[in-house]
Trainee: 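The structure is given below, and queries will be raised subsequently.
When a ligand or atom number is given, it counts from 1 through the structure's own listing order.
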Amino acid sequence: MTSNGRPTAVDDAGKAARPRKTAARRAQSRALVLPETMTVQYLAEVLNQNPIDVIKQLMRNGIMASMNQVVDYQVATLVSTALGVRTSMAEAPTAAKGPAAKVAGTEDESELVTRPPVVTILGHVDHGKTSLLDSIKNSKVAEGEVGGITQHIGAYQVESNGHPITFIDTPGHAAFTAIRARGARVTDIAVLVVAADDGIMPQTLEAINHAKAAKVPIVVAINKMDLPGADPEKVKRQLSEQELLVEDWGGDVISVDVSAKTGDGIDNLLENLLLVAEIAELKANPNKPAEGTVIEAKLDRKRGPSATVLVQDGTLKVGDFIVAGAAFGRVKAMTNDQGKTVHGVTPGSPAEVLGFGSLPEAGDQFKVTADEKEARSLAGNSAKAHGTQPGQTRALRLEDVVNQVDTDDVKELNLVVKADVQGSVEAVRGALERLVDEDAKVRILHTGSGAVTESDILLASASEAIVISFSIGAEPSAERLADRMGVEIRHYDIIYQLIDDVEKALHGMLDPVYTEVIVGRAEVREIFEGRRGTQIAGCRVSEGRMVRNADVRVVRDGTVVEDSTITSLRHFREEVNEMNAGTECGIVLQGFNDFQEGDILEIHRQERGRR
Ligand code: GDP
């Protein structure tokens, strides 16, 4: 074990192994000591592998898991063995879950302390989310708290009966799910604001589904109670139709009447949030290097990059080396939501951090490292993993997504279902819900009428779901986001086909759909004789590009006469890798010397496509 309690490679005699061994060398003599459970990211770290490669290895074993998902020792061993690394289980359970995971039970209980809950406010537009956030802030200023809250840093903290509560200052389920889609779990409790004079509206439904998908407890705030048209009973009835039974209705969902305008009910709301937090037993260990999530980041012309972070475990201190995504640095200074300088930030609390060398992104998870070298190297790996597309994640497809392992070992296929009209939504939902299989089930996260939106894609990405659209398309911005985030949208016009595919997917039998994509075409204009009978085709690239070593077919009068490979691609005398449309080049094919003028050379590729 290292001093921070993490397992490390040890040899059979128990001596600490030198870090950064290659997998192959480890295999010869060493066993990697692993805890009972760990995140995929952690496993990648101790295996000294890129997390993407570990995820791929998991997929090969039929397990779909993202970086922050927790896998057990057996699964970790499967991956390790495939990489030539022997494993053994740590004797005592070791804390090795990500920052979002509950740490209780995985490390010395005596080190754990209760941390403040982190709350996000969700609800329909104009129902008073911003007003409620302001009202909560102001109620504390009015009470004469020292200094008051003066800064907007993206999150703030208030106290109720001496207990702090942290609020994320950006309300709405879009931001909530966008952060979740980056793999971070920030929110402990969602406050669902419903205007008492308006009732449940479309975005209220979305918010409910987003919170449920995140498995975050919901506290309802029935707002605008000061208005004469307030009808809280109607709101409660509507909630019951969404399977949110409030306490008056015999359920266990807490509902509080409030007015963001007059401040009535705010104290009651805060007390109830603490109650829910207490039930959730939110604990963390402040005596270790900090981990958490970036909530907001901005470039200040005078001060450089500044980021608001939420510490989720450990304590963040001035002077710490820190890495978040592709950004790293050393904490120069920290300020809290009241603009006051702080030197240490404990779990559940936010602070604005100065000292990053570049801007991290909202949703990036940060951690403190031992030194600058480690921070730089982790940032470098992250930049490589992200490529040029921040926020891009692996593709989830219907044919393999069902393999994800749920906690109770029942496989779940998460779906977001959109259809042209509400009637079709109900028909599709009804048919899908009837599909049952012994070890796999459909979980419908959200349904709605109308085109697929960006919010649907974010939800799907955050919850590893597939978007099913029936008799309706997707908004162009949603298509683009789906491409970027690797979310599959499957379009159907025939309900039987939709049900059939989902049923097959549940049984793990759905074959991927492949479509052919043309990479480039070139026309043979002239034929030259090369050495030893080799023919060189003088070509003009008519579309796309020609690529050396690519598979190519020779098409003559619409018929394929040969399948071959480009062994030589020349521009004048020079051997090149690629030639683009509009250029001329000389092409030699493997074992083919029978060109005719007018032949078309076609490079194609099979792509896993969308229906
Ligand atoms: P958001 O879109 O959910 O953030 O809603 P806002 O906080 O911007 O509020 C929308 C409108 O409702 C604004 O005109 C607010 O002044 C008003 N509003 C918010 N809360 C209350 C309330 O408790 N009572 C009354 N009468 N008006 C409110």
Trainee: If I take atom CG from residue Leu273 and atom OG1 from residue Thr166, how far apart are they, to the nearest 0.5 angstrom?
Mentor: 11.5 Å
Trainee: Using a 4.0 angstrom limit on heavy atoms, which residues are close to ligand 1?
Mentor: His124, Val125, Asp126, His127, Gly128, Lys129, Thr130, Ser131, Asn223, Lys224, Asp226, Leu227, Ser259, Ala260, Lys261
Trainee: Side chains of Arg443 and Ser463: do they bring a donor and an acceptor to under 3.5 Å?
Mentor: no
Trainee: Before accepting this row, confirm whether a basic side-chain N of the pair Lys234/Asp231 lies closer than 4.0 Å to the acidic partner's carboxylate O.
Mentor: no
Trainee: Between Glu296 and His152, do the side chains contain an N or O donor and an N or O acceptor separated by less than 3.5 Å?
Mentor: yes
Trainee: Take atom CG in Asp300; do more than 12 heavy atoms of anything else shown fall under 6.0 Å from it?
Mentor: yes
Trainee: Verify the neighbour count for atom NZ of Lys261: are there more than 12 heavy atoms of other residues, nucleotides or ligands below 6.0 Å?
Mentor: no
